[in-house]
Amino acid sequence: LIIGCMIPYWFAALTMKSVGKAAGEMVAEVKRQFSKVDSKGKTLLTGSTELKPDSKTCIQISTQASIREMVAPACLVISSPLAAGTFFGVQAVFGLLTGSLGSSVQLAISMSNSGGAWDNCKKYIKN
């Protein structure tokens with residue numbers, strides 16, 4: 001039951017870490033595009049007519065990162081009930097899934113509220 005309660009938090013931590021890595025790759029690509037200089041010495045930000053944003057590369061980075069970074073969270077979710085059942089039996093799987101379900105409800109409510117707070121903060125700063 002205790003281990004089951006920890007799994008949703010572990011999963012959430014892995015996914016948040018993955019989002020951070022993917023965002024870092026995207027920021028590096030955008031910086032690279034913004035630092036390009038055309039023949040007139042202008043960049044995308046200073047009004048270059050020769051340079052165009054490369055959205056295809058950004059989409060490719062996002063797609064590849066989402067597939068690559070979600071392997072560990074997926075393995076956690078798939079392998080934890082299998083390992084519990086294999087090593088400890090059906091009762092352990094029941095406890096694991098019960099703990100995960102109870103903990104997930106609280107985590108979902110908490111993340112929903114904090115996401116709303118972040119959104120309200122962003123709107124407040126924007127205005």
Side-chain angles (χ1 to χ4, degrees):
L1 191 64
I2 299 280
I3 293 172
C5 289
M6 293 187 299
I7 288 177
Y9 291 93
W10 190 4
F11 178 83
L14 287 172
T15 56
M16 285 187 254
K17 187 176 176 184
S18 297
V19 168
K21 284 182 183 178
E25 291 175 25
M26 187 68 71
V27 166
E29 174 60 23
V30 169
K31 280 183 179 180
R32 185 193 66 78
Q33 289 185 26
F34 283 166
S35 65
K36 277 186 174 179
V37 179
D38 66 4
S39 61
K40 297 176 186 173
K42 292 188 173 188
T43 65
L44 281 172
L45 294 175
T46 58
S48 171
T49 55
E50 296 174 20
L51 297 173
K52 300 292 181 209
D54 186 11
S55 58
K56 189 179 203 179
T57 303
C58 291
I59 292 169
Q60 185 178 22
I61 288 171
S62 178
T63 305
Q64 288 175 348
S66 67
I67 292 169
R68 180 184 64 243
E69 294 296 331
M70 289 308 291
V71 170
C75 287
L76 171 68
V77 171
I78 292 169
S79 65
S80 57
L82 292 175
T86 302
F87 296 117
F88 303 110
V90 175
Q91 295 295 328
V93 175
F94 177 74
L96 182 89
L97 295 177
T98 302
S100 293
L101 185 61
S103 181
S104 294
V105 170
Q106 188 277 331
L107 185 64
I109 292 169
S110 174
M111 285 187 164
S112 175
N113 288 335
S114 61
W118 274 103
D119 190 47
N120 290 339
C121 181
K122 179 186 71 173
K123 289 177 185 174
Y124 177 76
I125 291 171
K126 198 174 182 181
N127 294 331

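For S110, there are no side chain to side chain donor-acceptor pair (under 3.5 Å) partners at least two apart in sequence or on another chain. By the side chain to side chain donor-acceptor pair (under 3.5 Å) test, N127 is found to be paired with no residue, residues two or more places apart in sequence or in another chain being considered. Partners of A22 according to the side chain to side chain contact (heavy atoms under 4.5 Å, CB included) rule, which considers only residues two or more places apart in sequence or in another chain, are A65. In terms of the side chain to side chain contact (heavy atoms under 4.5 Å, CB included) criterion, S79 has no residue partners (sequence neighbours excluded). With sequence neighbours excluded, no residue forms a side chain to side chain contact (heavy atoms under 4.5 Å, CB included) with S66.
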Run D54 and R32 through side chain to side chain contact (heavy atoms under 4.5 Å, CB included) and show every step you take.
CA-CA 10 Å; D54 186 11; R32 185 193 66 78; 4.3 Å; yes
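Side-chain contact between E29 and Q33 is present, with at least one heavy-atom pair separated by less than 4.5 Å.
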Pair up each side-chain donor or acceptor in residues 37-45 with any protein partner under 3.5 Å, not counting sequence neighbours, and list the distances.
{"from": "D38", "atom 1": "OD1", "to": "K40", "atom 2": "N", "distance (Å)": "3.0"}
{"from": "D38", "atom 1": "OD1", "to": "G41", "atom 2": "N", "distance (Å)": "3.0"}
{"from": "D38", "atom 1": "OD1", "to": "K42", "atom 2": "N", "distance (Å)": "2.7"}
{"from": "D38", "atom 1": "OD2", "to": "S48", "atom 2": "OG", "distance (Å)": "2.7"}
{"from": "S39", "atom 1": "OG", "to": "E50", "atom 2": "OE1", "distance (Å)": "3.1"}
{"from": "S39", "atom 1": "OG", "to": "E50", "atom 2": "OE2", "distance (Å)": "2.6"}
{"from": "T43", "atom 1": "OG1", "to": "L45", "atom 2": "N", "distance (Å)": "3.4"}
{"from": "T43", "atom 1": "OG1", "to": "T46", "atom 2": "N", "distance (Å)": "3.4"}
{"from": "T43", "atom 1": "OG1", "to": "T46", "atom 2": "OG1", "distance (Å)": "3.2"}

Validation: residues 86-100 side-chain donor-acceptor distances under 3.5 Å, sequence neighbours left out:
{"from": "T86", "atom 1": "OG1", "to": "L82", "atom 2": "O", "distance (Å)": "2.7"}
{"from": "T98", "atom 1": "OG1", "to": "F94", "atom 2": "O", "distance (Å)": "2.7"}
{"from": "S100", "atom 1": "OG", "to": "G4", "atom 2": "O", "distance (Å)": "2.9"}
{"from": "S100", "atom 1": "OG", "to": "L96", "atom 2": "O", "distance (Å)": "3.0"}

Could you tabulate the donor-acceptor pairs under 3.5 Å formed by side-chain atoms of residues 5-18, not counting sequence neighbours?
{"from": "Y9", "atom 1": "OH", "to": "Q106", "atom 2": "OE1", "distance (Å)": "2.4"}
{"from": "T15", "atom 1": "OG1", "to": "F11", "atom 2": "O", "distance (Å)": "3.2"}
{"from": "T15", "atom 1": "OG1", "to": "A12", "atom 2": "O", "distance (Å)": "2.9"}
{"from": "S18", "atom 1": "OG", "to": "L14", "atom 2": "O", "distance (Å)": "2.9"}
{"from": "S18", "atom 1": "OG", "to": "E69", "atom 2": "O", "distance (Å)": "3.0"}

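The salt bridge (charged side-chain N to carboxylate O under 4.0 Å, His left out) analysis of residues 89-111, with sequence neighbours excluded, yields no pairs. Annotation: salt bridge (charged side-chain N to carboxylate O under 4.0 Å, His left out) contacts involving residues 100-120, sequence neighbours excluded, comprise D119-K122, D119-K123. Within the structure, no pair that satisfies the salt bridge (charged side-chain N to carboxylate O under 4.0 Å, His left out) test touches residues 93-109, not counting sequence neighbours.
Counting heavy atoms of neighbouring residues, nucleotides and ligands inside a 6.0 Å radius, atom CD1 of I3 does not exceed 12 of them.
Residue K56 holds its NZ atom at 13.5 Å from CD1 of I61, rounded to the nearest 0.5 Å. Annotation: the span from C75 atom SG to M70 atom CE amounts to 10.5 Å, rounded to 0.5 Å.
Other residues sharing a hydrophobic cluster with V105 under the 4.5 Å side-chain heavy-atom criterion for ILVMFWY residues are I109.
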